[in-house]
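Counting starts at 1 for both ligands and their atoms, in listed order.
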Amino acid sequence: MKSTTQPFRSLSPAVMRASTVVFNSLADFARRKERQPDGYSYGITGTPTARELEHRIAELEGGAHCVVTPSGQSALMTTVMGFVRGGDHLLISAACYGALKTFAQKWLANFNVEVELYAPAIGVEIEKRIRPNTRMICMESPGTVTMEMPDVPAVVAAAKRHNVMTMMDNTWASPLGFKPLEHGVDFSIEAATKFFGGHSDLLVGSISMNNSDYYTVLRETQSILGQQTSPDDCFLVMRGLETLKVRYAAQSVSTLRVAEYLEKHPLVEKVLFPALPSDAGHAIWKRDFSSSGCLFSLILKDAPEKAFNGFFDTLKHFAIGASWGGVHSLVAYYPAPLQANRPFPLTDRPVIRISIGLEDAGLLLDDLNAALEAFGRARSEQG
Ligand SMILES: *Cc1c(COP(=O)(O)O)cnc(C)c1O
């Protein structure tokens, strides 16, 4: 094949793969660690493809730095592992992402970290929970599945008075709806798996921040924990980001329509969605957030567990599955015991979580209507 000297330019970022990074001289090789936190010395610390994604996410978050990780969960865990040590006290919302709570309670607690869960809709009262050895407060707004709204600025203000670090899982709103760093949160975490990727086909996480020292610590933590993010997945997230705004806008409109409809349905007890004026967290959402995304939860009228099979198995346009934020609508089921046994429970009833995709909203409403009819039939049959 003839080689060409013509320049090649593409609109698409390059996918660059590497375990080995090569050096020009022995002196250069010997100094390779000095290239961190931004440079390239071995595949584990990242490739130009990962750096490009980090740059784009930092820009979206209004942050100076970003570290990408192989999943949203790894981003949460890496942030905690970077700074929390034995003897420290760690505060986590009872409505934080489940795997973060499990990681803290099953692993960190065994490393002598004092793990304490706090009431998810907390505000300034967090101050009473802060101890001399409190290192970090983990927030999520709204809470996973149950959608409680903490008062993030109040929590941050209390944390700053006591020199405690704060991190927030911002996946629900994405930086299009809320920018944690602008509210003084130290670390903004996204499961890029959700809205950023947008197509339910990858796992990536991100940690964004302003503090350069924190960035250096997290780059080292990411690499020491052996967490490299595939350049192909970084590329797919960048492709997803190209359409994030339009997907987000369209999905938000449909979601609000579906949530408003369901709220009026006689078989629906409660829609958990802070964008609705009836929601307990509405005032905080309205004050701090600029949009409401594609995810909400539902508590149906009391019914035997079997009636829920009628609901789920009738759906044609919604797939049953975990995760959310993609172009396909999804439903997931969180059984009653899971809710009732959580500290600071919101409900002792099953919760249905709904993620609205890009399908026609009318079709989705028809689908939910049919599912609720089946639920109602099963409910009355079982008395
Ligand atoms: C999905 C999710 C995560 C975890 O992301 P993964 O990439 O699946 O590990 C973390 N936080 C929230 C709020 C999520 O919805």
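Y248 and S174 make their closest contact through CE1-OG, 3.6 Å (heavy atoms, listed as atom of the first residue, atom of the second, distance).
Relative ring orientation between W324 and F195 is described as perpendicular, the plane-to-plane angle rising above 60° on a 0-90° scale split at 30° and 60°.
In this structure the side chain of H162 reaches within 4.5 angstrom of the side chain of E127, judged on heavy atoms. Annotation: side chain of S141 is in contact with side chain of M168 (closest heavy-atom distance under 4.5 Å).
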### Message
Apply ring-ring contact (aromatic ring centres under 6.0 Å, His included) to residues H183 and F178 and explain how you reach the verdict.
### Response
CA-CA 9 Å; H183 291 263; F178 185 78; 4.4 Å; yes
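The number of heavy atoms from other shown groups lying within 6.0 Å of CD (E220) does not exceed 12.
For ligand 1, residues of the protein lying within 4.0 angstrom by heavy-atom distance are S71, G72, Q73, L76, Y97, E140, T144, D169, T171, A191, T193, K194, L203, W324.
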